[in-house]
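Accompanying notes for the structure given below.
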Amino acid sequence: MGHAEPQVAATLQPYWMPFSPNKEFKAEPKMFSRAKGMYFYTPEGKEVIDASAGLFCVAAGHCREEIAHAVYEQLQTLDFTAPFLRAHPKAFELAERVTQYTPAGLNRVFFTNSGSESVDTAMKMALAYHRTKGQAQRQLFVARERAYHGVNMGGVALAGMVNNRRAYGVGLAGVYHMRHTALPENKFAKGQPEHGADLADDLQRLCNLYGGENIAAVFVEPAAGSFGCLPPPKGYLNKLRQVCDQHGILLVFDEVITGWGRMGANFGAQAFGVTPDLLTMAKAITNGAQPMGAVAAKQEIYDTITNAGPAKGVEFFHGYTYSAHPASCAAGLAMMDIFAKERLIERAAAMSPKFIDAIHALRDCPIVTDVRSVGMMAAVDVAVDGTPGARGHEAQKRLYDAGLNLKSTGDALIIAPPLVMEDKHLDEITSKLRQVLQKL
Ligand SMILES: Cc1ncc(COP(=O)(O)O)c(C=O)c1O
């Protein structure tokens, strides 16, 4: 390919890797040193197809020149300005462009640097909103089992995946969990499953138990992503919306994965026809090329908090040094151009049925125990072999060796390719999966 492969550092020890088995990795490293389009390349030059869009980020495919140029130019023009008391034009421009995609009414945008920060920001917005309205007693939150809401302390409290919580119990009070929606009768359902809308009654039960007037917000991923693709049962999100409205509770959709076309619509909100009050996003907003997250808020929430503040002082005591970083905004604007020019979201919607059929066809591999799918996201569960998660972990290693990159969670293999995937890539993904699943 004419590329000199970058060198790997002499020692792997100083780097403490996140969410990774450090000892195992360092004994048996699995690295990528470059990427292009649908593919990663290892330091040895081996090609590996990216079936997880990095980590649900790279919707437009890797190393887009438009984004690289925009970031380079931005860093030569204005590298940094404080986002408090100062701003730069691209922050306003990007916020405006984002609101062209968010559901109607969610037209105020607060920038963060990650999904985790977006979640904690949305929690603070909910608390500040209710306090401003004279309802400071609304301090409780409701989330759901099997949820992933990032790793900051607020998001960990909301989380419903036990390994992400168990070591950090102190300080996680004030969050109650609804049951998850993975029902045996929904096995191998394509798209939204038929059963489970009544699980939304859990929210009413929590309102009965703790007082709906004490709950600030309900956080859900419209379709759970990190756990392994759990699309919402038909009618489930509508019911949550109804109960929230009845009790004056804010509904928050955590769309860090489901946003930006992954569900075959701008956001899960539009895909499932339910509008939240706050919506978190990150990842594909910059194609993963720069760290950035955002919270889109209903104008009423912004107005309530902002108008209640002093005429001249700060209204919302929250923000990050790197909120709306110029390079991230430049990347985000370049990505907005790509979304528009390449009609990426329409393309995802058009590809989704074929993608879903192809992944579901893997159910005839004997170790596959379930396949779930929605939009351009799917999960294939492999049968537990001894320790839960061991076989899923082994599968992702063997897939890497076979030239396919994906994220596994426990025994679920998650497939969420870049939205620019073509038929030939889908064929490559499914044939590599089949090859490995048949021998596992
Ligand atoms: C729904 C959801 N919320 C929050 C996050 C956290 O995002 P980040 O890793 O950018 O902090 C993720 C990450 O996958 C996510 O899927």
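In listed order, ligands and their atoms are each counted from 1. What you see is a predicted model, and the numbers here were worked out from it, not measured in a lab.
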Ile257 neighbourhood, listing ligand 1 atoms whose heavy-atom distance to it stays under 4.0 Å: 16 (O)

Taking atom 11 (O) of ligand 1 as the reference point, the nearest protein heavy atom with its distance: Ser116 OG, 2.5 Å

Is the shortest side-chain N to carboxylate O distance from Glu185 to Lys187 below 4.0 Å? no

Would you mind checking which non-hydrogen protein atom is closest to atom 13 (C) of ligand 1, with the distance to 0.1 Å? Tyr148 CE2, 3.3 Å

Would you mind running through ligand 1 and noting each atom that sits below 4.0 Å from a heavy atom of Glu221? 1 (C)

I'd like to know if Asp201 and Arg205 make a salt bridge, using a cut-off of under 4.0 Å between side-chain N and carboxylate O. no

Test of ring centre spacing under 6.0 Å for Phe84 and Tyr320: no

Taking only heavy atoms of Ser114 into account, list the atoms of ligand 1 that are under 4.0 Å away from them. 10 (O), 11 (O)

Sub-3.5 Å donor-acceptor pair from the side chain of Asp411 to the main-chain atoms of Gly392, do we have one? yes

Contacting atoms of ligand 1, where contact means under 4.0 angstrom from a heavy atom of Lys283: 13 (C), 14 (O)

Just one of Leu250, Val252, Leu203 clears the side chain to side chain contact (heavy atoms under 4.5 Å, CB included) bar with Cys244, so which one? Leu203

To the nearest 0.1 Å, how far is atom 3 (N) of ligand 1 from its closest protein heavy atom, and which atom is that? Asp254 OD2, 2.7 Å

Angle between ring planes, Tyr101 versus Phe339, binned at 30° and 60°: parallel, tilted or perpendicular? tilted

For atom 8 (P) of ligand 1, grab the closest protein heavy atom and report residue, atom and distance to one decimal in Å. Gly115 N, 3.4 Å

So is Ser226 close enough to ligand 1, meaning a heavy atom under 4.0 angstrom away? yes

Could you tell me if the side chain of Thr321 sits less than 4.5 Å from the side chain of Phe80, heavy atoms only? yes

